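Chain letters run A, B, ... following the sequence lines, proteins first and then strands; every chain starts at 1. Note that the structure is a prediction, hence the values are computed from the model and not measured.
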There are 2 protein chains.
Amino acid sequence: MIGREAVQKGRPREFDKEQVLDKALHVFWKRGYEGTSLSDLTEAMGINRPSLYAAFGNKEELFKLALDRYVEKGPGSVHRASLQLPTARAVVESLLTSSATMLTDPSTPPGCLAVQGALSCGEASESIKQALCERRSLGEQQLRQRFERAKNEGDLGPDSDPASLARYVMTVMQGMSVQASGGATRADLLAVVDMALKAWSSSKG
Amino acid sequence: MIGREAVQKGRPREFDKEQVLDKALHVFWKRGYEGTSLSDLTEAMGINRPSLYAAFGNKEELFKLALDRYVEKGPGSVHRASLQLPTARAVVESLLTSSATMLTDPSTPPGCLAVQGALSCGEASESIKQALCERRSLGEQQLRQRFERAKNEGDLGPDSDPASLARYVMTVMQGMSVQASGGATRADLLAVVDMALKAWSSSKG
DNA sequence: ATATATATGTACCGAGCGGTACCGATATAG
DNA sequence: CTATATCGGTACCGCTCGGTACATATATAT
């Protein structure tokens, strides 16, 4: 069997899959999972319902694909870069400032999809809530591992607690997402980052 | 015209209004506004639909009444007490630790209603989102005023920025709400509080 | 007792939900 | 050209949504 890009039979799709997925992502980001209807989606994506189902499965799968794309192309890539900075302090500073910037990017909805998407929801959407929850804790886990490395390298003191440090940084980032959705400006969030970094300076352990 | 508690005509209500309002609050708290259906509500409240509408108006008004009650009887009273402590440092410490405790109270849903209720939503619920947003910023405003007082009293240094300090504390509290809804334990949140307070100690300036 | 006022319960409303059957259109394979 | 496979569009499905009409039950006022 040849690869996926083998010559395809049948009528070719008339839209670009990634392009319309971006449109869907934007709607979910703004409205949340439960707040977004299929009509909202098809209108924004410029395709009709059966095409959506043929290409993406159903609303739930579409959301998860949009979430993957969000993480991959949005904050994920930026955060990955932050994690590779040489010191824990530099990692945190980069993580927080880039978050403040992205959360208030005027070309996207305010806040973070992984927070806005479905903090609480009806029973039917519980699987979505859990997917978002896992994404958030994955980010926290990566940060914790980076801090453990820093501790091993002597960059962080022997009495420091990587898990608590990571949780603190994630908490500030998630709080900033709530702030952004409430209308906080970029300058507002950068002031928060300054405060948060002071906690860092005085507890490198 | 006599007061509200004058002898009432007609068939008396068979349920206690505040009692069933508490039930509704609990459901909204757990499921969010859009995630809660009228059937969820009537089932939890133990009354039927027309009784609900007669007593509380509609779903939206019921939510706002539940929110008022939440603020009044729950975090509102606790936070009010915190604000009256003598120093800004004591205020912040009390605010954060009591938040960590309340957000993980096993007898209530995790997190804060004002954060979980509707961070993002469909167009129809925009009024709810805004009401929650106003509640959050009201709390921030009260805290800022408390810090301004502290600055005037010399408790906070002349170069301190009450608005940024208040926003920082609120950001941590809101982030803790997200953490709680993701399963963070009370100990987890108290560790975050410790970290957050270190920022405080090193920036009273 | 009668009139009035309010509460309850059943049974229903139109609208919108997520999801799909079906058919015509358009591509490749032989 | 024919067969096959996929796409796009219309028109629809059953279900649940928030909200209500209406009849009945239960209290007070006179």
Between B:Glu14 and B:Arg11, does the salt bridge (Lys or Arg N to Asp or Glu O under 4.0 Å) criterion hold? Intermediate values first, please. CA-CA 9 Å; B:Glu14 291 184 0; B:Arg11 178 173 171 178; 2.9 Å; yes
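- Nucleotide D:dT6 holds its P atom 11 Å from the CZ atom of A:Arg13, rounded to whole Å.
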Determine whether B:Asp40 and B:Arg31 satisfy the following criterion, salt bridge (Lys or Arg N to Asp or Glu O under 4.0 Å), listing intermediate values before the conclusion. CA-CA 10 Å; B:Asp40 293 335; B:Arg31 299 269 178 225; 5.3 Å; no
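- Dashed line: the shortest gap from a side-chain N or O of B:Arg11 to OP1 or OP2 of D:dA25 is not under 4.0 Å.
- Residues A:Tyr33 and A:Glu60 form a side-chain contact, since some pair of their non-hydrogen atoms from C-beta on lies under 4.5 Å apart.
- Evaluated for a side-chain hydrogen bond (donor to acceptor under 3.5 Å, both in side chains) with A:Arg186, the options A:Asp105, A:Thr104, A:Thr101 yield exactly one hit, A:Thr104.
- At a non-hydrogen distance threshold of 4.0 Å, B:Thr36, B:Ser37, B:Leu38, B:Ser39, B:Arg49, B:Pro50, B:Tyr53, B:Asn58, B:Lys59 from residues 28-66 of chain B come into contact with DNA chain D.
- One interatomic measurement links the two molecules: CD of B:Glu14 to P of D:dA27, which rounds to 8 Å at whole-angstrom precision.
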Is there a salt bridge (Lys or Arg N to Asp or Glu O under 4.0 Å) between B:Arg89 and B:Glu93 once you walk through the steps? CA-CA 6 Å; B:Arg89 158 77 197 208; B:Glu93 182 168 342; 3.3 Å; yes
